[in-house]
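Have a look at the structure below before the remarks.
Whatever order the structure lists them in is the order used to number ligands and atoms, beginning at 1.
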Amino acid sequence: MVRAKSWTLRKHFEGFPKTSDFELKEVELPKLKDGDVLCESVFLSVDPYMRPYSGRIMKEGDLMIGSQVAKVVESKNPTYPVGTYVVANSGWTTHFISDGKALQLLPSWPEKIPRSLALGTIGMPGLTAYFGLFEICKIRAGDTVLVSAAAGAVGSVVGQIAKIGGCKVVGCAGSDKKVAHLKQIGFDEAFNYKTVGSLEEALRKASPDGYDCYFDNVGGEFSSIVLNQMKKFGRIAVCGAISGYNDTVPQKGPYVQIPMIFNELYMEGFIVSRWNDRREEALKILLRWVVEGKIKCEEHVTEGFEKMPAAFMGMLKGENLGKAVIKV
Ligand SMILES: NC(=O)C1=CN([C@@H]2O[C@H](COP(=O)(O)OP(=O)(O)OC[C@H]3O[C@@H](n4cnc5c(N)ncnc54)[C@H](OP(=O)(O)O)[C@@H]3O)[C@@H](O)[C@H]2O)C=CC1
Ligand SMILES: CCCCCC(=O)/C=C/[C@H]1[C@H](O)CC(=O)[C@@H]1CCCCCCC(=O)O
């Protein structure tokens with residue numbers, strides 16, 4: 001018999017999550033039926049969406065939502081023999097049983113590429129960057145692209161794909177270490193939004209002519225300021241709004257209509273699953289860019305399943321450079 005450890009939502013988050021909002025439980029898993037596989041987690045992901053979605057789709061006591069890279073350790077399903085690696089939306093748990101239907105097989109994975117990247121650059125966050133840039137921002141060579149939360153899982157890939165596409169790239173992030181990293185991976189300009197005296201001036205200095213595209217990961221005040229520095233017919237991909245995920249009272253800000261009208265802007269929100277039918281094609285391209293060294297991948301690895309809540313809260317606070325993952 002296998003005992004699975006699982007993190008559950010003990011209490012709905014109010015404001016910023018607290019350690020006491022989580023509870024670690026242990027359950028004994030049943031025997032496998034025909035067609036089942038037993039999976040053991042190898043890497044787990046902590047992502048910003050877990051904060052807003054917990055209130056929308058979870059009840060107190062539920063398993064925390066999330067995806068992981070897992071290894072098949074027992075199998076009664078010929079499609080997934082023992083030793084197969086899969087990506088699964090199985091929540092914050094060390095072991096789970098699946099009938100295989102919702103598992104994604106890891107594609108042929110080069111030896112030198114860490115499998116954890118299937119939760120980051122060669123996974124959901126990388127796909128978000130890819131489709132947000134090509135389908136919403138519709139980048140063209142020569143465009144100036146701004147990305148917020150630029151040193152994170154999505155943002156760091158956005159900047160590097162935009163460079164591959166021949167764009168000038170400006171990124172902002174919340175520490176000097178992150179800013180230095182952005183310059184190292186090819187961003188043309190980068191600044192620390194927490195320490196610049198004036199966001200208006202920092203944005204103007206980085207691109208005096210304004211921005212063709214804005215890949216918005218943060219929302220809130222920062223994005224309201226950006227709106228006034230978009231070029232005529234600029235395109236804004238509204239990907240995330242992490243600056244407000246922990247707010248108990250929704251932020252109020254300047255309304256968008258006037259700058260949108262004057263500059264004839266295009267602004268569209270999106271969820272990456274819209275392009276699920278093109279997932280495999282895009283993952284192959286992302287994997288190729290990583291193998292070719294055109295995309296550099298940084299990960300913020302926390303060791304130990306017990307530390308998952310701390311890793312999640314740390315990511316929300318900005319402790320991560322690159323994708324935040326947990327190594328079991
Ligand atoms: N639409 C979609 O389909 C998807 C949307 N997303 C969204 O993309 C965004 C980035 O996600 P992801 O790359 O996984 O996460 P990151 O790896 O970027 O981690 C989150 C980062 O957000 C930044 N941050 C935290 N609080 C604030 C704040 N108040 N203001 C500005 N920045 C803040 C921190 O970086 P810093 O130190 O720079 O502040 C932190 O490191 C999120 O908003 C997420 O919800 C992600 C995946 C899919
Ligand atoms: C105001 C909230 C904006 C959140 C934006 C965001 O980060 C969206 C992330 C989605 C991403 O595109 C793919 C996902 O899986 C995220 C949505 C998750 C939905 C709940 C999953 C439930 C489950 O685990 O079964």
*Number the atoms of ligand 2 from 1 as they appear, then name those within less than 4.0 Å of a heavy atom of M124, with their elements.*
11 (C), 13 (C)
_G174 N/O under 3.5 Å from ligand 1 N/O_ = yes
*Shortest protein contact, atom 6 (C) of ligand 2 (heavy atom only)*: Y49 CB, 3.7 Å
*Among all protein heavy atoms, pick out the one at the shortest distance from atom 13 (O) of ligand 1; state its residue, atom name and that distance to 0.1 Å.*
V154 N, 2.7 Å
*asked:* Any atom of ligand 1 sitting under 4.0 Å from a heavy atom of A241?
replied: yes
_I need the I65 CD1 to S54 OG distance, nearest 0.5 Å._
7.0 Å
*asked:* Using a 4.0 Å cut-off to any heavy atom of M315, which atoms of ligand 1 qualify?
replied: 19 (O), 20 (C), 40 (C), 41 (O)
*Under a 4.0 Å heavy-atom limit, does V218 contact ligand 1 with its side chain, its backbone, both, or neither?*
side chain
*Distance only, no hydrogens: is a donor on one side chain within 3.5 Å (strictly under) of an acceptor on the other, for N77 and T79?*
yes
*Establish whether V73 and W109 are linked, either directly or via other cluster members, by ILVMFWY side-chain heavy-atom contacts under 4.5 Å.*
no
*Protein contact of atom 6 (N) of ligand 1 - nearest heavy atom, named by residue and atom, plus distance*: C239 SG, 3.7 Å
*What about the rings of F13 and F22, do their centers lie closer together than 6.0 Å?*
yes
*Side chains of L133 and F215: does their closest heavy-atom pair fall under 4.5 Å?*
yes
*Sub-4.0 Å heavy-atom contact, E319 with ligand 1*: no
*For A153, take its heavy atoms, then give the atoms of ligand 1 lying under 4.0 Å from any of them.*
13 (O), 14 (O), 16 (P), 17 (O), 18 (O)
*Does NZ or CZ of R115 lie under 6.0 Å from the centre of the six-membered ring of Y85, at an angle within 45° of the ring axis?*
yes
*With heavy atoms of F270 as the reference, note each atom of ligand 1 found under 4.0 Å away.*
1 (N), 2 (C), 3 (O)
*With a 4.0 Å cut-off on heavy atoms, does K178 reach ligand 1?*
yes
*Considering only heavy atoms from C-beta outward, does the side chain of Y214 approach that of V145 to under 4.5 Å?*
no
_Shortest protein heavy-atom distance from atom 19 (O) of ligand 1, along with the residue and atom involved_ = N320 ND2, 3.4 Å
_atom 11 (O) of ligand 1 [closest protein heavy-atom partner, distance rounded to 0.1 Å]_ = P48 CG, 3.5 Å
*asked:* Out of all atoms in ligand 2, which are within 4.0 Å of some heavy atom of I271? Include the element for each.
replied: 8 (C), 12 (O)
*Identify, for atom 9 (C) of ligand 1, the protein heavy atom at the shortest distance, and state residue, atom and that distance.*
N217 OD1, 3.5 Å
*Numbering as shown, the atoms of ligand 1 that approach I242 to under 4.0 Å (heavy-atom distance)*: 20 (C), 22 (O), 24 (N), 25 (C), 27 (C), 32 (N), 33 (C), 43 (O)
*Below 4.0 angstrom from a heavy atom of A173, which ligand 1 atoms are there? Numbered from 1 as shown, please.*
38 (O)
*State whether a side-chain donor-acceptor pair under 3.5 Å links S148 with N217.*
no
*Have a look at W275, Y193, Y245 and point out the one with the heavy atom closest to atom 30 (N) of ligand 1.*
Y193
*What protein heavy atom is closest to atom 17 (C) of ligand 2, reported as residue, atom name and distance in Å?*
Y53 CZ, 3.7 Å
*Enumerate the atoms of ligand 1 whose separation from the nearest heavy atom of G240 is less than 4.0 angstrom.*
7 (C), 43 (O)
*Any salt bridge between R274 and E268, counting N to O under 4.0 Å?*
yes
*Out of S243, G318, A324, who gets a non-hydrogen atom closest to atom 34 (C) of ligand 1?*
G318
*asked:* Can you confirm whether H95 sits close enough to L29 that some side-chain heavy atom of one is under 4.5 Å from a side-chain heavy atom of the other?
replied: yes
*Ignoring hydrogens, just give me the one of L316, V157, V179 whose non-hydrogen atom is nearest atom 26 (N) of ligand 1.*
L316
*Is V72 reachable from L119 through a run of I, L, V, M, F, W or Y residues, each pair having side-chain heavy atoms under 4.5 Å apart?*
no
_Is there a side-chain contact between E189 and K183 in this structure, where contact means two heavy atoms from C-beta onward sitting under 4.5 Å apart?_
no
*To which protein heavy atom is atom 48 (C) of ligand 1 closest, and what is the distance rounded to 0.1 Å?*
T128 OG1, 3.3 Å
*S90 versus Q68, side-chain donor and acceptor atoms under 3.5 Å*: yes
*F305, V86: one ILVMFWY side-chain cluster at the under-4.5 Å cut-off?*
no
*Identify which of I57, V154, N89 has a heavy atom lying nearest to atom 21 (C) of ligand 2.*
I57
*Among all protein non-hydrogen atoms, which one is nearest to atom 47 (C) of ligand 1, and what is the separation to 0.1 Å?*
M124 SD, 3.5 Å
_Interfacing atoms of ligand 1 (cut-off 4.0 Å, heavy-atom, I271)_ = 1 (N), 3 (O)
*In terms of side-chain heavy atoms, does D47 have a donor or acceptor partner in S45 at a distance below 3.5 Å?*
yes
_Closest protein heavy atom to atom 12 (O) of ligand 2, given as residue, atom name and distance to 0.1 Å_ = V272 CG1, 3.0 Å
*So which protein heavy atom does atom 3 (O) of ligand 1 come closest to, and at what separation?*
V272 N, 2.9 Å
*Below 4.0 angstrom from a heavy atom of P52, which ligand 2 atoms are there? Numbered from 1 as shown, please.*
2 (C)
_Ignoring hydrogens and geometry beyond distance, is a side-chain donor-acceptor pair present between E299 and S116 at under 3.5 Å?_
yes
*Kindly give the heavy-atom pair with the smallest separation between L316 and P48, and that separation in Å.*
CD2-CA, 4.3 Å
*Check whether any protein heavy atom sits under 4.0 Å from atom 24 (O) of ligand 2.*
yes
*Report the distance from atom NZ of K168 to atom OG1 of T144, rounding to the nearest 0.5 Å.*
5.5 Å
*How far is atom 3 (C) of ligand 2 from its nearest protein heavy atom, and which residue and atom is that?*
Y245 OH, 3.5 Å
